[in-house]
Amino acid sequence: MSGMLDDYAGAASTPDVAVHETAAELCDAVARNLVDELAAAQARNGLASVVLTGGRTGIAVLERVRANPRIRNVDWSAVRIFWSDERFVPAGHPDRNEAQARDALLDHVPVDPRLVYPMGASDDPYGTDSATAAAAYSDLLRRMERPDCPLFDVCLLGVGEDGHVASLFPGHPASEEPLLAAVSVRDSPKPPSERISLTLGTIRSSAEVWLVTTGAAKTAAVADAFRGNTDFPASRAVGIERTIWHLDREAAGGL
Ligand code: 6PG
């Protein structure tokens with residue numbers, strides 16, 4: 001299978017780092033940048049497109065978007081919303097990244113439901129198998145890709161202590177998937193064990209990748225990723241035009 005998602009997989013930016021004094025300052029800064037970037041993408045293309053992530057920092061960023069006065073600069077009805085990964089549990093379950101993003105932001109802005117693309121849930125009528133749900137997401141992305149511009153303006157990613165991003169864990173076969181745009185992940189070391197994730201090729205087809213992580217538990221993973229540990233999916237998560245790691249002082253402590 002070939003297409004834009006594959007074509008962009010070779011073009012990669014060199015990661016930049018932004019260090020923020022505290023986690024709260026990081027979330028405010030990323031929220032402000034996100035609002036500005038979505039508004040700029042809309043000025044350029046009409047539609048903007050963002051990939052949301054799960055995890056504490058990713059969700060805290062969305063809460064800060066909601067609180068930011070510049071939120072009004074974005075036409076939320078013209079933002080396409082995707083997810084980097086999803087926990088394969090029933091729809092509406094509080095563990096779902098979708099449910100958390102809705103609570104934090106999406107239920108509070110006038111999104112167009114037709115432009116919100118959650119990954120499948122374990123009680124979906126079309127399949128209770130995460131591989132079927134991942135294939136459906138993969139097909140959706142393949143149908144939407146266009147030759148002239150990246151599908152995602154910004155891909156937000158949290159980072160795990162083990163160097164994972166989305167639900168791509170070091171050494172897991174899903175992290176090496178070469179063809180599909182989204183994969184099913186079983187035996188995830190981070191609960192719940194069954195998940196769906198964008199693949200690295202898809203993440204790397206984003207115009208910009210913003211990694212967001214905070215706290216002393218992430219210091220070693222961040223330092224290792226920057227030393228080029230290619231076992232870490234986080235080291236390989238780069239955007240075409242820009243890659244930026246937003247770190248608080250603690251997470252940046254090993255750089
Ligand atoms: C998930 C995530 C995952 C997360 C990281 C960081 O669904 O669990 O998408 O990749 O972003 O584990 O999570 P924290 O910010 O909570 O450390």
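Each ligand, and each atom within it, is numbered from 1 in the order the structure gives.
The proximity of T213 to ligand 1, defined as any non-hydrogen pair under 4.0 Å, does not occur for either the backbone or the side chain. If you look at K190 next to ligand 1, the close heavy atoms, those under 4.0 Å, all belong to the side chain. With a heavy-atom cut-off of 4.0 Å, D85 touches ligand 1 through its side chain alone.
The number of heavy atoms from other shown groups lying within 6.0 Å of CZ (R44) is above 12. Counted within 6.0 Å of CG on D123, heavy atoms from surrounding residues, nucleotides or ligands total more than 12; the atom is thus considered enclosed. Under a cut-off of 6.0 angstrom, the local environment of CZ in R56 is sparse, with at most 12 non-hydrogen atoms contributed by other residues, nucleotides or ligands.
Every atom of ligand 1 with a heavy atom of R87 under 4.0 Å away is listed here by number and element: 1 (C), 7 (O), 8 (O). Contact atoms of ligand 1 toward T53: 9 (O), 11 (O) (distance under 4.0 Å to a heavy atom of the residue). Of all the atoms in ligand 1, the ones that sit under 4.0 Å from a non-hydrogen atom of V159 are 6 (C). Taking a cut-off of under 4.0 Å to the non-hydrogen atoms of G158, the atoms of ligand 1 that pass are 11 (O).
Closest to atom 5 (C) of ligand 1 among all protein heavy atoms lies H164 NE2, 3.3 Å. The closest protein non-hydrogen atom to atom 17 (O) of ligand 1 is K218 NZ, 2.5 Å. The protein heavy-atom contact nearest to atom 14 (P) of ligand 1 is R56 N, 3.5 Å.
Ligand 1 lies nowhere less than 4.0 angstrom from a heavy atom belonging to E86. For R195, the heavy-atom gap to ligand 1 drops under 4.0 angstrom.
Polar contact with ligand 1: present for A166 (N/O pair, distance under 3.5 Å). Of the polar atoms of S84, none of the N or O atoms is found under 3.5 Å from an N or O of ligand 1, judged by distance alone. Taking any N or O of G54, backbone or side chain, at least one lies under 3.5 Å from an N or O belonging to ligand 1.
Taking 4.5 Å as the limit, every side-chain heavy atom of N97 sits out of range of all side-chain heavy atoms of L52.
Side-chain contact check for S167 and R195: at least one donor-acceptor pair (N or O, by modelled atom type) lies under 3.5 Å. Side-chain atoms of S122 and T128 form no donor-acceptor pair, as typed in the model, at a separation below 3.5 Å.
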Item to complete: Begin with the C-alpha distance, continue with both residues' side-chain angles, and end with the deciding distance and a verdict on salt bridge (charged side-chain N to carboxylate O under 4.0 Å, His left out) for D129 and R186.
Response: CA-CA 11 Å; D129 172 5; R186 295 197 174 92; 2.6 Å; yes
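Taking the six-membered ring for Trp and the full ring otherwise, F226 and W245 have centroids separated by under 6.0 Å.
Between R249 atom CZ and L26 atom CG the span is 12.0 Å, to the nearest 0.5 Å.
Using a 30° and 60° split on the angle between ring planes, F82 and Y117 fall in the parallel class, below 30°.
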